[in-house]
Amino acid sequence: MLELKNISLSNPGFSLKNISFKVNKGEYFVLLGMSGAGKSMLLEMIAGLTNPDSGEIILNEKPINKSKPYEREVGLVFQDHAIFPHLTVGGNIGYALKRQSLSHSAKQELIQSIADRIQIGQLLHRQPSTLSGGELQRVALARTLVQKPEVLLLDEPLAAIDTKLKAEIRSLLRQLNREGQTIVHVTHDFDEAISLANRIAIVHEGKIIQTGTPEEVFSSPRSEFVAHFVGIRNFFKAKLIETETGCIAELGKSLRIVSTQKSGSGEGYLMIRGEDLTISVENYESSARNNFMGKIIEVSGSRSGMDVIINIGVPVHVIVSKESVKDLGLVEGKSVWVHFKASALSIIPIQ
Amino acid sequence: MQRYSSFQLVFLFLGALLLLFILAPLLGMFFATQSSELVDTWREAEVRESIWLTLWVSMAATFVFSFAAIPFSYLMARKDFPLKRLVTGIIDLPVVIPHSAAGIAILGFVSRNSVLGKAGSAVGLDFVGHPAGIAVAMAFVSIPFLVNAARDGFHAVPLRLEKAALVLGASPARVFFTISLPLAWRNIVSGLILMFARGMSEFGAVIIVAYHPMITPVLIYERFGAFGLKYARPVSVLFILISLSLFILLRTLSRERNKSR
């Protein structure tokens, strides 16, 4: 569907080097990286606002490098929404329809239908200055979607809105994707990335250093940057069952992990830092709600101590000191107990 | 009621002196002119024609030159190019050179022997001693006011809005007319009013290019030279009253328009 081949661009402050990735039809693809990594510039190149120094951009098997922005069939939603302040909400949404040879009433119908779909149907006559951040984001989305873009490009769409509204917009984006909209989303927030993406590409120092599903990228970071960026080695997809005091995350058939976090029922990801797990040779009674027996698969050095990988049904990484490895005799093949508190888990439901 | 420190009171005193410096001569002139004199002066066809000529020529100069000045201001706000600082300096040049010297320069530029003069003659237009010449002189000294105000206005329009419009399918021309121009309009109108007002009050450059037909600043000068202060004063008061009324009206209209957007 959308393919970038060896895209390079040098700019004062940053450069992009041989960026290549492919986005399939209907996919939710997230470009994740630190601010200033050139991710937004990538979107501007796909949209035709900036030309790469070299490389090729292909949409539906046709090169679009030389096409004008309005010929590209992509829609870009800017981080700060870029709503035209002198036009009403309806005027903003209708702006993209000027090129289309539709009657006035057909255009009005189209504007109303897209506004209703994005839940801003009642705001069409309002001025942008009277809208909240979340409403502005919806206007920006409606204005772009009315063009029926093949690919929807989102530049940090949740960065400029408050936490309360983030969940709503996430849910809306997920719904658009479920309805078949191909989305390329740029963000620096890994919670945002894993809750929305089908696939993630990590951008670092102008290059894409890893691409894969959220699980692949977070559970098997292929570089120190990714590991550091995500900060967490224990990252699992799970079935969540809400309980009175939090939730239970089921991994596979037998592993049930207790969390104090209320997340609703459904699918989600659970994460726990290696430093938050402890190892003992014998089981003992403690306040930790999660106690599992497993076999040590590997013991290796890590930046923050020793990384002990134990199979408790899934492989978990436990960071301990060298002294602990020596004192407890932690070697490959040994059976040990792993303990962690229900409050140490972080749950991210898939919206 | 705001309180002022003794230090700020010194500033207030200096400010009051400055206001007095501006207002005292004007008020003195107004009080020295009797209303019967104003009425008599207004009845003179020469005065009315002169004021009308001054107003419409300045307005026409502003209108015609704005077609080049506004797009040029947009380029100045949006593009970087070699020698841009030099170009910015050239735009401000008419503000700093003596206007009589500007008049001499324009006279050479539009006289019958110049390229422009010959081209004008070919279509029956003689700039020297013609409203067209007056318009050129007025525009020369007042164009920086429009270019600078419009450039600042375009500069204040976020580039992202123009990019968003491009992605939404607009051509660069449509982006200019539907996004950049409306959003910079307040500054542009302000620049147009300033250019018009500055052109209307021009004397030095116009008197050299076209003594006749007589615009009001030239008429005031002529009456002062030929008949003295008493005869120049009523024309001056009339011209100031009309200019001020027009200026206030235009400002009010542009503010209303901005409010309604």
Side-chain angles (χ1 to χ4, degrees), chain A residues 12 40-41 43-50 64 67-88 91-102 111 114 127-129 136 139-149 151-156 160, chain B residues 66 70-71 73-75 77-82 84-85 149-193 251-261:
Chain A
S40 301
M41 195 54 79
L43 293 191
E44 290 201 4
M45 279 192 274
I46 299 169
L49 296 171
T50 307
I64 56 166
S67 307
K68 295 198 164 61
Y70 58 83
E71 295 168 338
R72 295 199 175 198
E73 296 180 276
V74 298
L76 172 58
V77 177
F78 289 89
Q79 182 175 352
D80 59 358
H81 322 308
I83 299 298
F84 306 135
H86 58 304
L87 302 179
T88 60
N92 266 278
I93 299 173
Y95 192 86
L97 297 175
K98 293 266 162 57
R99 293 187 79 87
Q100 297 183 17
S101 51
L102 293 169
I111 291 169
I114 195 80
Q127 290 294 327
S129 57
L136 286 170
V139 176
L141 273 170
R143 187 178 69 173
T144 306
L145 289 170
V146 81
Q147 304 177 89
K148 300 193 173 102
V151 181
L152 177 62
L153 308 170
L154 305 172
D155 188 0
E156 300 270 8
Chain B
S66 67
I70 294 171
S73 311
Y74 179 73
L75 272 191
R78 281 289 178 254
K79 296 287 174 191
D80 282 321
F81 49 83
K84 188 175 175 181
R85 289 180 72 161
R151 185 195 55 210
D152 292 348
F154 285 125
H155 200 76
V157 177
L159 195 56
R160 283 196 162 236
L161 296 182
E162 294 181 359
K163 286 183 172 181
L166 282 171
V167 178
L168 289 170
S171 63
R174 195 173 151 233
V175 173
F176 177 76
F177 286 112
T178 59
I179 305 297
S180 321
L181 198 59
L183 290 175
W185 190 242
R186 194 182 188 136
N187 282 58
I188 293 170
V189 168
S190 180
L192 287 168
I193 293 172
R251 279 278 185 204
T252 312
L253 283 177
S254 70
R255 206 166 295 147
E256 287 303 313
R257 190 191 149 90
N258 276 311
K259 262 189 209 165
S260 67
R261 280 140 69 105

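We name chains A, B, ... by the order of the sequence lines, and we start the count at 1 in each one.
Across Val157(B), Ile179(B), Leu183(B), a single residue satisfies side chain to side chain contact (heavy atoms under 4.5 Å, CB included) together with Pro85(A), and that is Leu183(B).
Residue contact with chain B, scored on non-hydrogen atoms closer than 4.5 Å, involves the backbone and the side chain of Arg143(A) alike. Contacts of Ile83(A) with chain B are made by backbone atoms alone, with heavy-atom separations under 4.5 Å and no side-chain atom involved. If you measure heavy-atom distances from Glu44(A) to chain B, the contacts under 4.5 Å come from the side chain alone. In this structure, chain B has a heavy atom under 4.5 Å from the side chain of Leu49(A), while its backbone stays farther away. Residue Val74(A) touches chain B through its backbone alone, counting heavy-atom pairs closer than 4.5 Å.
Minimum heavy-atom separation, Leu166(B) to Pro69(A): O-CB, 3.7 Å.
For the atom pair CZ (Arg174(B)) and NZ (Lys98(A)), the distance works out to 5.0 Å, reported to the nearest 0.5 Å. Rounded to the nearest 0.5 Å, atoms OG1 (Thr178(B)) and CZ (Phe84(A)) are 7.0 Å apart.
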- Please step through side-chain contact (heavy atoms from CB on, under 4.5 Å) for the pair Arg160(B) and Asp155(A), ending with a clear verdict. CA-CA 12 Å; Arg160(B) 283 196 162 236; Asp155(A) 188 0; 4.1 Å; yes

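Highest contact tally toward chain A, considering only Ala164(B), Pro158(B), Ser171(B), is held by Ala164(B) [criterion: heavy-atom pairs under 4.5 Å].
Heavy-atom contacts from other residues, nucleotides or ligands closer than 6.0 Å to NZ of Lys68(A) number 12 or fewer.
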